[in-house]
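So you know, we letter chains A, B, ... as the sequences are listed, proteins then strands, and number each from 1.
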Number of protein chains: 4
Amino acid sequence: MQLNFNSPKPIYLQMVDEVKKALARGELSPGDKIPSHKERAQISQVNPNTVMRAYQEMEREGLTETLRGQGTFIKNDPAILSIIRSEMAKSAVEQFIVEMRALGIEPEEMAQLLQDTLQNGPKEG
Amino acid sequence: MQLNFNSPKPIYLQMVDEVKKALARGELSPGDKIPSHKERAQISQVNPNTVMRAYQEMEREGLTETLRGQGTFIKNDPAILSIIRSEMAKSAVEQFIVEMRALGIEPEEMAQLLQDTLQNGPKEG
Amino acid sequence: MQLNFNSPKPIYLQMVDEVKKALARGELSPGDKIPSHKERAQISQVNPNTVMRAYQEMEREGLTETLRGQGTFIKNDPAILSIIRSEMAKSAVEQFIVEMRALGIEPEEMAQLLQDTLQNGPKEG
Amino acid sequence: MQLNFNSPKPIYLQMVDEVKKALARGELSPGDKIPSHKERAQISQVNPNTVMRAYQEMEREGLTETLRGQGTFIKNDPAILSIIRSEMAKSAVEQFIVEMRALGIEPEEMAQLLQDTLQNGPKEG
DNA sequence: GTGGTCTAGACCACC
DNA sequence: GTGGTCTAGACCACT
């Protein structure tokens, strides 16, 4: 779980995103139990209140459900996985295009730069 | 100059980015004078102090230089343009890849999704 | 913390210097927490925003680091102390020499004047 | 005439100091005519009003005198030279000592650092 | 008018 | 309470 404490994006929203990504990656599956907020707080070195808020947000988005006394679970709806994955992918792609357009970069160059970085990028720092 | 007053990203940083993008797009050139902070404040419906902060940030990054009583200017260094452009493009590409990887999406699919969106993007819903 | 409200040097920069000097003198150590900007503001009879600006400047110079909601700390890097001390000493010495040279004073006389003042300095006027 | 346009010290005061230093160095002598404010403004790339202010300040300090229609002259008082020189030297030495003490540096080390820099300093950037 | 500092006070996210 | 942004308005030095 990657949290950036200096990002202007609130930590609780970063936590929500991280859960969604774990789902998309298949590291988490519908029906899975997620750690209690206290446990999560310890693991992530974050205030329990912040985790609570993240869990509330996920609940609100219909991503999780809480069973009294049993804990919090990813909603057991198989569709959820592909919806989240494609939603987040779509938004990442669109944001990328917007950003590149703002730099005056044309579609061909976008694709080119993407290819270049995918091939060579990881090599250098 | 697009400012999102609801973004968690501070306005003054958004303003810095906007100047960089205008430079990358060629709408601003090395040596150009940028509006005084008071003028900019009026145009963008923002407090002059907020603009000052953006301008100071640019100064600190070496993007602009200030002449007492005359105004603020894009640094008159031809190299600045391509540096900024490639820097920002690189960071956008890398962020995109990181984001997609976090979703468990492989390079081939990244490129595919990018192509699809570039061609059909505007037809949404 | 000595602040000169009539100096043309901005208060926030004076505050940065004061912290560096306290470090050099050993009154502050790497890892130490420094007062919150609000507390410091009260102590120094200065506006909290002015202190914030000083703290941000230190952060930017790599002198301190901030933990969200916990406070601001001198960077816990033992090297920082000697770096700051020698940096500031070097700059003071160089400024002194430049100043004296500008008065047409030769090295021998510089050393002599320094000795004289160190011995008799306090007996003034 | 070295002017630092980014220094917090007002330019007109920097100009006064520069004249004093030229006197101390012997490049200017009591009775010498100094350039008209317009000429000085052109040479130093400074606004004529700023030069005016510097000249007024020097007049006020009794350093210069103005003869209607003839220009501004260093006061023709031979004593002026040594007074200014020793005054400025004294203040430089004292400021140096204060600065070094603030860093917790003892007299012996002050003298040592001064010697070192006088011998090796100029060699390295 | 231009850059720049400072004050005062509101508001927010996180601990 | 802690860091941090934003607004509003005063004041200053320099052009």
Going by number, which of [range] have a non-hydrogen atom under 4.0 Å from DNA chain F?
range                     : value
residues 56-64 of chain D : none
residues 35-43 of chain C : C:Ser36, C:His37, C:Lys38
residues 7-16 of chain D  : D:Pro10, D:Ile11, D:Tyr12

Mind jotting down which residue pairs meet the ring-ring contact (aromatic ring centres under 6.0 Å, His included) criterion with at least one end in residues 62-101 of chain B? Sequence neighbours excluded, please. A:Phe96-B:Phe96
Just verifying a value: how many Å separate B:Ile34 CD1 and B:Leu28 CG, rounded to the nearest 0.5 Å? 7.5 Å
Taking salt bridge (charged side-chain N to carboxylate O under 4.0 Å, His left out) as the cut-off, I'd like each qualifying pair that reaches into residues 61-71 of chain A, sequence neighbours left out, listed once. A:Lys20-A:Glu61
Whole-Å distance, A:Met52 CE to E:dC15 C1', equals 15 Å
I'd like to check the side-chain hydrogen bond (donor to acceptor under 3.5 Å, both in side chains) partners of [X]; sequence neighbours left out, ordered by chain and number.
X       : result
A:Glu57 : A:Arg60
B:Gln14 : none
A:Asn49 : A:Asn47
A:Ser7  : none

In dot-bracket notation, what is the pairing pattern of DNA chain E, taking Watson-Crick (N1-N3 plus N6-O4 or O6-N4) and G-U wobble (N1-O2 and O6-N3) contacts under 3.5 Å, with [ ] crossing and | for other strands? ||||||||||||||.
Under a 4.0 Å heavy-atom criterion, DNA chain F is touched by chain C from F:dT2 to F:dC6
A:Arg101: salt bridge (Lys or Arg N to Asp or Glu O under 4.0 Å) partners, not counting sequence neighbours: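 A:Arg101 satisfies salt bridge (Lys or Arg N to Asp or Glu O under 4.0 Å) with no other residue.
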